[in-house]
Undergrad: 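Please find one structure pasted underneath; my questions will follow.
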Amino acid sequence: MNWIVYTFCFIGAFAFMEFVAWFTHKYIMHGFLWNLHKDHHEPGYHLFEKNDWFGVFFALISMAFTMTGVAHGFDWKFFIGIGIAAYGAAYFFVHDIYVHRRVKWFSKVDNRYLRALRIAHKIHHKKMGKEHGESFGFLLPHPKYFKKTEQQQRG
Ligand SMILES: [Zn+2]
Ligand SMILES: [Zn+2]
């Protein structure tokens, strides 16, 4: 019985983080903490960005859940913690490596889902400023971007 609860905690935390990422990005990063996010919208390559502090912040939340979960004999808090960490890892690999190519790994990985996600995020980056952005979510690109991958393939 516990395993059902734990699986739910893990998947729930992962899915909830997509909402948290969208909300934080739209209302906080493009809101009162724009100063920390701004350098992520500036063109050019930076190995480290002020924007990385958001990643550090969520990693600390994940660690707090994971470690208190361990201290309580691997209870539900542990599974929430590793669910948040798994989202962070997915975000890092897809956003920082696949989309922005901060390091040159997986450059040959290619499929429709990743293409749609990449187009959606590049459209977000087209706007250099704080206001009037589009496409703030991340792992769930709007279906319209899947259509764009077809147009792209036709040339
Ligand atoms: Zn942004
Ligand atoms: Zn980005």
Side-chain angles (χ1 to χ4, degrees), residues 7-67 77-155:
T7 308
F8 182 81
C9 285
F10 178 83
I11 295 171
F14 189 98
F16 185 62
M17 282 308 289
E18 172 67 11
F19 168 76
V20 172
W22 167 81
F23 183 90
T24 309
H25 190 189
K26 189 173 169 88
Y27 295 106
I28 297 175
M29 295 156 86
H30 284 254
F32 76 103
L33 288 180
W34 169 245
N35 259 337
L36 285 178
H37 184 54
K38 193 167 80 184
D39 63 356
H40 186 60
H41 278 266
E42 281 163 0
Y45 178 80
H46 323 269
L47 186 57
F48 292 105
E49 299 170 345
K50 276 192 216 154
N51 186 53
D52 296 333
W53 286 111
F54 291 103
V56 172
F57 173 74
F58 288 116
L60 288 174
I61 292 179
S62 163
M63 278 164 66
F65 270 102
T66 307
M67 279 151 66
K77 295 188 281 306
F78 173 77
F79 293 90
I80 292 209
I82 60 173
I84 298 173
Y87 185 85
Y91 195 98
F92 178 76
F93 280 112
V94 180
H95 176 257
D96 295 277
I97 297 177
Y98 176 77
V99 176
H100 289 299
R101 305 271 150 97
R102 288 173 82 173
V103 288
K104 313 276 173 239
W105 299 341
F106 317 121
S107 50
K108 292 197 177 70
V109 178
D110 187 25
N111 62 52
R112 253 187 112 206
Y113 163 70
L114 285 174
R115 263 191 211 187
L117 184 153
R118 193 183 162 93
I119 293 170
H121 195 66
K122 292 286 177 184
I123 284 172
H124 175 71
H125 273 279
K126 266 194 181 158
K127 293 269 166 36
M128 235 58 105
K130 178 181 172 186
E131 312 290 339
H132 310 299
E134 161 169 14
S135 186
F136 289 93
F138 192 62
L139 290 180
L140 292 175
H142 190 280
K144 69 183 178 192
Y145 298 115
F146 284 86
K147 293 227 173 66
K148 292 207 170 156
T149 66
E150 283 162 21
Q151 290 160 7
Q152 211 180 41
Q153 270 158 346
R154 283 190 217 111

Undergrad: So, R112 side chain and F146 main chain: donor-acceptor pair closer than 3.5 Å or not?
TA: yes

Undergrad: Does NZ belonging to K122 count more than 12 external heavy atoms closer than 6.0 Å?
TA: yes

Undergrad: Considering only heavy atoms from C-beta outward, does the side chain of F106 approach that of F93 to under 4.5 Å?
TA: yes

Undergrad: Where does the angle between the aromatic ring planes of F23 and Y27 fall among parallel (under 30°), tilted (30 to 60°) and perpendicular (over 60°)?
TA: tilted

Undergrad: Parallel under 30°, tilted from 30 to 60°, perpendicular over 60°: which one fits the rings of W22 and F19?
TA: tilted

Undergrad: Scan residues 15-41 for pairs that pass salt bridge (Lys or Arg N to Asp or Glu O under 4.0 Å), counting only residues two or more places apart or in two chains.
TA: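 Salt bridge (Lys or Arg N to Asp or Glu O under 4.0 Å) check on residues 15-41 returns no pairs.
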
Undergrad: Could you measure the distance from the CZ atom of F79 to the OG1 atom of T66? Nearest 0.5 Å is fine.
TA: 10.5 Å

Undergrad: Given Y87 and V20, is the side-chain contact (heavy atoms from CB on, under 4.5 Å) satisfied, shown in steps?
TA: CA-CA 11 Å; Y87 185 85; V20 172; over 6 Å; no

Undergrad: Would you give the length of the straight line joining atom CG of L114 to atom CG of L139, rounded to the nearest 0.5 angstrom?
TA: 9.5 Å

Undergrad: Is there a side-chain contact between H30 and H41, using heavy atoms and a 4.5 Å cut-off?
TA: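 When only atoms from C-beta onward are counted, H41 and H30 do touch, with a gap below 4.5 Å.
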
Undergrad: Examine H40 together with H124 and report whether their ring centres are nearer than 6.0 Å.
TA: no

Undergrad: Would you find more than 12 non-hydrogen atoms of other residues, nucleotides or ligands less than 6.0 Å from Y113 atom OH?
TA: yes

Undergrad: Would you call the rings of H121 and H100 parallel, tilted or perpendicular if under 30° counts as parallel and over 60° as perpendicular?
TA: perpendicular

Undergrad: State, to 0.1 Å, how close A13 and I80 come at their nearest heavy-atom pair, and which atoms those are.
TA: CB-O, 3.6 Å

Undergrad: Where do L117 and F138 land on the side-chain contact (heavy atoms from CB on, under 4.5 Å) test, with the steps shown first?
TA: CA-CA 7 Å; L117 184 153; F138 192 62; 3.7 Å; yes

Undergrad: Report yes if the side chains of I123 and K148 come closer than 4.5 Å at any heavy-atom pair, otherwise no.
TA: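 Yes; the side chains approach each other to less than 4.5 Å.
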
Undergrad: I need the full list of salt bridge (Lys or Arg N to Asp or Glu O under 4.0 Å) pairs touching residues 97-106, with sequence neighbours left out, sorted by first then second residue.
TA: D52-R102, D96-R102

Undergrad: Output the distance between atom CZ (R115) and atom CD (E150), rounded to the nearest 0.5 Å.
TA: 11.0 Å

Undergrad: Roughly how far, to the nearest 0.5 Å, is the OG1 atom of T24 from the CZ atom of F57?
TA: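 Going from CZ on F57 over to OG1 on T24, the span is 8.0 Å.
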
Undergrad: Is there a donor-acceptor pair under 3.5 Å between the side chain of S62 and the backbone N or O of I84?
TA: no

Undergrad: Can you tell me if W105 has over 12 outside heavy atoms packed within less than 6.0 Å of its CH2?
TA: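 It does not: W105 CH2 has 12 such atoms or fewer within range.
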
Undergrad: With sequence neighbours excluded, what pairs up with A86 under the side chain to side chain contact (heavy atoms under 4.5 Å, CB included) test?
TA: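 Residues passing side chain to side chain contact (heavy atoms under 4.5 Å, CB included) with A86: F10, F14.
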
Undergrad: Relative to each other, are the rings of H25 and H37 parallel, tilted or perpendicular (30° and 60° limits)?
TA: perpendicular

Undergrad: State whether the number of non-hydrogen atoms from other residues, nucleotides or ligands found under 6.0 Å of F8 atom CZ is greater than 12.
TA: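 No, CZ of F8 has 12 or fewer neighbouring heavy atoms, counting only those of other groups under 6.0 Å.
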
